[in-house]
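Starting off with a structure, shown below.
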Amino acid sequence: MKIGVLAVQGAFIEHEKKLESLGIDHFEIRQKKDLLQDFDGLILPGGESTVMGKLLKDLDLFDLLHKKIQNGLPVLGTCAGLILLASDISNDISNDICNQGQHKSSVLQFATLPVKVKRNAYGRQLGSFSTIADVKHIGNIPLRFIRAPYIDSVNDDVEILAKVDGNIVAVQYRNQIGLAFHPELTEDLSVHRYFVSLC
Ligand code: GLN
């Protein structure tokens with residue numbers, strides 16, 4: 001079993017430390033040649049989704065990873081990683097209609113997870129906060145939010161794993177897990193353990 005961690009921007013090292021604690025083989029995805037090897041799961045970390053999307057395209061990683069996710073590669077997207085997976089963003093300022101009548105988002109998204117996310121959903125005052133909540137399949141765990149999105153709406157076949165203050169903050173759709181929070185920034189290992197069990 002080997003997990004690839006997208007390592008172009010953001011909090012990827014913390015995810016690698018979690019995998020190390022679980023004794024799971026892993027590697028960093030930084031360039032196209034890193035994707036020549038076989039692997040069993042992908043982690044998209046938190047960071048800045050606009051930057052990560054652009055780097056994925058510039059480094060020629062986007063299409064290869066997109067295809068792998070579409071073909072069923074298990075993926076864990078945390079915070080900005082969730083935004084990259086989401087099919088829609090509800091508050092994208094440049095979500096204007098372009099000539100072909102399609103949405104043009106400022107974030108380049110894989111759009112494989114049929115949910116609508118709201119970026120920076122907690123505003124400035126509540127930019128960062130921690131809480132504890134019950135996450136389905138995983139248990140009662142500490143949740144750390146940093147300039148986090150939440151999920152506005154989901155398709156019928158998306159499983160809601162957790163809500164905080166009535167807002168959806170964790171979902172699963174087939175092999176894809178999307179979390180608005182940062183499980184890699186707490187002591188708890190159970191999110192990564194659950195993800196590894198899907199891989
Ligand atoms: N606010 C960031 C974004 O929109 C996400 C923040 C995070 O990953 N901690 O991409």
Side-chain angles (χ1 to χ4, degrees), residues 3-19 28-30 41-59 61-62 65-66 69 75-96 103-133 135 141-154 161-165 167-173 176-188 191-192 195:
I3 309 264
V5 181
L6 182 66
V8 294
Q9 195 262 338
F12 51 87
I13 289 169
E14 291 80 356
H15 279 290
E16 291 174 40
K17 286 187 181 147
K18 292 287 174 202
L19 295 172
E28 293 185 346
I29 302 173
R30 291 175 176 271
L42 169 68
I43 295 183
L44 303 174
E48 193 53 47
S49 53
T50 43
V51 178
M52 249 188 267
K54 186 176 181 315
L55 285 170
L56 281 168
K57 201 76 192 173
D58 291 351
L59 295 165
L61 295 169
F62 187 87
L65 288 177
H66 191 201
I69 299 170
V75 54
L76 170 64
T78 60
C79 206
L82 158 67
I83 297 168
L84 290 178
L85 289 175
S87 56
D88 276 299
I89 299 177
S90 59
N91 61 338
D92 199 318
I93 32 166
S94 65
N95 215 355
D96 45 18
H103 281 296
K104 198 166 150 269
S105 161
S106 64
V107 184
L108 191 74
Q109 294 151 271
F110 290 120
T112 49
L113 179 64
V115 303
K116 189 182 273 190
V117 292
K118 182 173 181 182
R119 288 182 67 198
N120 301 313
Y122 296 92
R124 276 182 179 211
Q125 274 185 324
L126 255 183
S128 301
F129 65 98
S130 299
T131 186
I132 293 175
V135 182
I141 56 165
L143 312 183
R144 176 107 185 91
F145 293 82
I146 302 173
R147 291 178 299 107
Y150 61 62
I151 297 167
D152 268 334
S153 60
V154 301
L161 303 185
K163 287 186 181 184
V164 168
D165 296 334
N167 299 314
I168 304 167
V169 296
V171 292
Q172 180 168 353
Y173 173 68
Q176 302 176 55
I177 300 176
L179 308 177
F181 51 91
H182 287 266
E184 77 285 10
L185 297 183
T186 67
E187 294 300 306
D188 193 81
V191 167
H192 290 80
F195 175 61

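Both counts, for ligands and for their atoms, begin at 1 and track the order of listing. Bear in mind that the values here come from a model prediction, so they are computed numbers and not experimental data.
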remark   = For I13, the side chain to side chain contact (heavy atoms under 4.5 Å, CB included) test, sequence neighbours excluded, returns K17
query = Can you name the residues that form a ring-ring contact (aromatic ring centres under 6.0 Å, His included) with H182, not counting sequence neighbours?
reply = none
key: Under 3.5 Å: donor-acceptor pair, side chain of E184, backbone of K18   = no
query = Which residues pass the side chain to side chain contact (heavy atoms under 4.5 Å, CB included) test with K54, sequence neighbours left out?
reply = D58
ask   = Which atom names give the shortest non-hydrogen contact between A133 and K163, and what distance separates them?
value = CB-O, 4.5 Å
message = Given 3.5 Å as the limit, does a donor-acceptor pair link the side chain of N91 with the main chain of R119, or not?
response = yes
Pocket residues of ligand 1, ordered first by chain and then by residue number (heavy-atom cut-off under 4.0 Å) = G46, G47, E48, S49, C79, A80, I83, R119, N120, I146, R147, H182
